[in-house]
Amino acid sequence: MRIPTSLFLVIAFLLPLRAWPGEDFIYLDAGRGEARIPVYAMENPQASATLVLLPGGDSGTGKIVDGKPGSGNFLVRSRQLFEDEGFNVLVVFRASDLRLLDYPERISQEHMVELGNVVDYARSTFGKPVWLVGTSRGTVSATAAAIALARGKISGLVLTSSVTNRKAGAIGAQDLDKIVVPTLVLHHKLDACPICVPAQAEAIVAKLKNAPARKFILVDGGSSPRGDPCEAMHWHGYVNFEAQTVKLIADWIRNPLS
């Protein structure tokens with residue numbers, strides 16, 4: 001009997017967790033019904049750590065081209081740079097049952113379950129230290145998860161273009177004294193997004209009282225910003241400065257106690 005193509009797609013979407021050669025989309029259990037978390041996974045056999053990248057905006061994949069996410073988000077478009085720096089990479093997108101991943105959703109218990117499942121998968125699959133890396137709205141998710149997840153689940157936290165005010169889950173309003181892992185806060189000097197203020201991002205570091213290592217890096221480089229100052233192709237997204245920014249992050253992850 002011939003099986004309809006649509007059924008093949010459903011079967012593929014519901015396949016159990018698996019390892020993969022190279023890179024591919026995988027779909028992890030979101031912890032509620034049949035909802036799945038699309039994750040673009042990139043394996044580096046020489047990896048020293050696994051980075052869970054949490055994009056900003058509504059955390060959509062963008063147009064899928066040749067099986068790869070087409071989102072222009074800083075972390076999504078820089079994913080190969082992170083792998084080239086010697087990491088496994090998991091880019092986490094919005095769960096299948098959500099139309100958007102806004103600020104209230106990013107600090108919800110349901111979202112913490114999702115991210116906990118991603119971290120557990122990363123740890124069991126690769127056996128390497130796991131770091132959460134968020135940008136813009138993704139910093140709300142990353143911070144909340146670093147607070148909510150059990151001690152020992154993650155090894156570190158990186159916040160880029162942090163949401164600093166006027167939104168649910170703004171970084172400074174979260175319980176930062178509960179973060180007990182090395183934390184890097186990185187921001188662009190010219191970021192003009194009104195909810196991601198460079199001076200307020202620097203102030204985050206002082207609140208990380210129990211982080212064993214903490215650092216603020218203010219970057220100043222790039223060119224040709226365009227569009228909304230809160231979007232990915234402006235200074236907010238490290239436009240034309242992606243490689244240098246990733247290198248700064250990677251160097252610090254490799255040696256946060258320096």
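Side-chain atoms are counted along with the backbone in the values below, which use heavy atoms only and exclude waters and symmetry mates.
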Interatomic distance, CZ@Phe74 vs CG@Leu81, rounded to 0.5 Å, equals 8.0 Å
Do any N or O atoms from the side chain of Lys207 and from the backbone of Gly172 form a donor-acceptor pair under 3.5 angstrom?
yes
Side-chain touch Leu53/Val89, heavy atoms, less than 4.5 angstrom
yes
Walk me through it: do Ile195 and Tyr103 pass the test side-chain contact (heavy atoms from CB on, under 4.5 Å)?
CA-CA 12 Å; Ile195 62 170; Tyr103 297 95; 3.1 Å; yes
Working for side-chain contact (heavy atoms from CB on, under 4.5 Å), residues Phe87 and Trp131
CA-CA 10 Å; Phe87 303 112; Trp131 285 65; over 6 Å; no
Check: Cys196 main-chain N/O paired with His187 side-chain donor or acceptor under 3.5 Å:
yes
Is it true that Arg77 and Glu242 make a salt bridge, defined as a side-chain N closer than 4.0 Å to a carboxylate O?
yes
Return the minimal non-hydrogen interatomic distance between Ala122 and Val130, and the atom names on each side.
CB-CG2, 3.8 Å
What distance separates Phe93 CZ from Tyr27 OH, expressed to the nearest 0.5 Å?
10.0 Å
Taking Asp120's backbone N and O only, do any of them form a donor-acceptor pair with Arg123's side chain (distance below 3.5 Å, no angle check)?
no
Check for a donor-acceptor pair, side chain of Arg94 on one end and backbone N or O of Leu101 on the other, with a separation under 3.5 Å.
no
Give, for atom OG of Ser155 and atom NZ of Lys128, the distance between the pair rounded to the nearest 0.5 Å.
12.0 Å
Between Lys167 and Arg137, is there a side-chain heavy-atom distance shorter than 4.5 Å?
no
For a quick test of reading the model, state the closest non-hydrogen atom pair linking Val113 to Gly31 and the distance between them.
CG1-CA, 4.3 Å
Could you tell me whether the side chain of Arg254 reaches within less than 4.5 Å of the side chain of Asp251, counting heavy atoms only?
yes
Look at the side chain of Gln174 and the backbone N and O of Gly169, then say whether any donor-acceptor pair between them is shorter than 3.5 Å.
yes
Measure the shortest side-chain to side-chain distance between Trp252 and Leu186 over non-hydrogen atoms and say whether it is less than 4.5 angstrom.
no
pair Leu132-Val119: side-chain heavy atoms closer than 4.5 Å:
yes
Do Thr143 side-chain atoms and Val140 backbone N/O form a donor-acceptor pair below 3.5 Å?
no
Hydrophobic side-chain clustering at under 4.5 Å (ILVMFWY, transitive links): who's grouped with Met233? Put none if nobody.
Leu190, Trp235, Val239
Would you say Val180 ends up clustered with Val133 if hydrophobic residues are merged whenever their side chains have heavy atoms under 4.5 Å apart, either directly or through other cluster members?
no
Using 0.5 Å steps for rounding, measure from the CG atom of Asp102 to the OG atom of Ser59.
11.5 Å
Sequence neighbours left out, cut at 3.5 Å: what donor-acceptor pairs do the side chains of residues 221-231 make with other protein atoms?
| residue | atom | partner | partner atom | Å |
| --- | --- | --- | --- | --- |
| Ser223 | OG | Asn240 | ND2 | 3.2 |
| Asp228 | OD1 | Cys230 | N | 2.8 |

Nearest-0.5 Å distance that lies between atom CD1 in Ile204 and atom OG1 in Thr183:
10.5 Å
Establish, from distance only, whether the side-chain atoms of Tyr238 and Ser161 form a donor-acceptor pair under 3.5 Å.
yes
Nearest heavy-atom approach of Arg106 to Ala144 is O-CB, 4.1 Å
Non-hydrogen side-chain atoms of Lys68 and Gln80 separated by less than 4.5 Å:
no
Note, Leu115 side chain near Leu54 side chain (heavy atom, < 4.5 Å)
yes
With the 4.5 Å side-chain cut-off for hydrophobic clustering, are Tyr40 and Leu98 part of the same group?
no
Going by ring-ring contact (aromatic ring centres under 6.0 Å, His included), name the pairs with one or both residues in residues 132-160, residues two or more places apart or in two chains.
none
Identify the heavy atoms of Ser162 and Leu159 that sit nearest to each other, and give their distance.
OG-CB, 3.4 Å
Transitively linked via ILVMFWY side-chain contacts under 4.5 Å: Phe216 with Leu208?
yes
As an exercise, state the distance from CG of Asp177 to CG of Asp175, rounded to the nearest 0.5 Å.
6.0 Å
Does the plane of the ring in Phe241 sit parallel, tilted or perpendicular to the ring in His188? Use 30° and 60° as the thresholds.
perpendicular
Test Thr245 against Thr160 for side-chain contact (heavy atoms from CB on, under 4.5 Å), laying out the working first.
CA-CA 10 Å; Thr245 301; Thr160 72; 5.6 Å; no
In this structure, which one of Pro38, Pro69, Pro55 forms a side chain to side chain contact (heavy atoms under 4.5 Å, CB included) with Val91?
Pro55
Between Asn88 and Asn44 (side chain of the first, backbone of the second, donor and acceptor by atom type, cut-off under 3.5 Å), is there such a pair?
yes
Could you walk me through whether Ile147 and Ile179 pass the side-chain contact (heavy atoms from CB on, under 4.5 Å) check?
CA-CA 5 Å; Ile147 294 167; Ile179 293 178; 3.7 Å; yes
Smallest separation among heavy atoms of Ile171 and Thr139, with atom names:
CD1-O, 3.3 Å
Side chain proximity check, Ile249 to Val158, heavy atoms < 4.5 angstrom
yes
Shortest non-hydrogen contact from Arg36 toward Gly33:
NH1-O, 3.9 Å
Could you state whether Val197 and Leu218 fall into the same hydrophobic cluster, counting links through intermediate Ile, Leu, Val, Met, Phe, Trp or Tyr residues with side-chain heavy atoms under 4.5 angstrom apart?
no
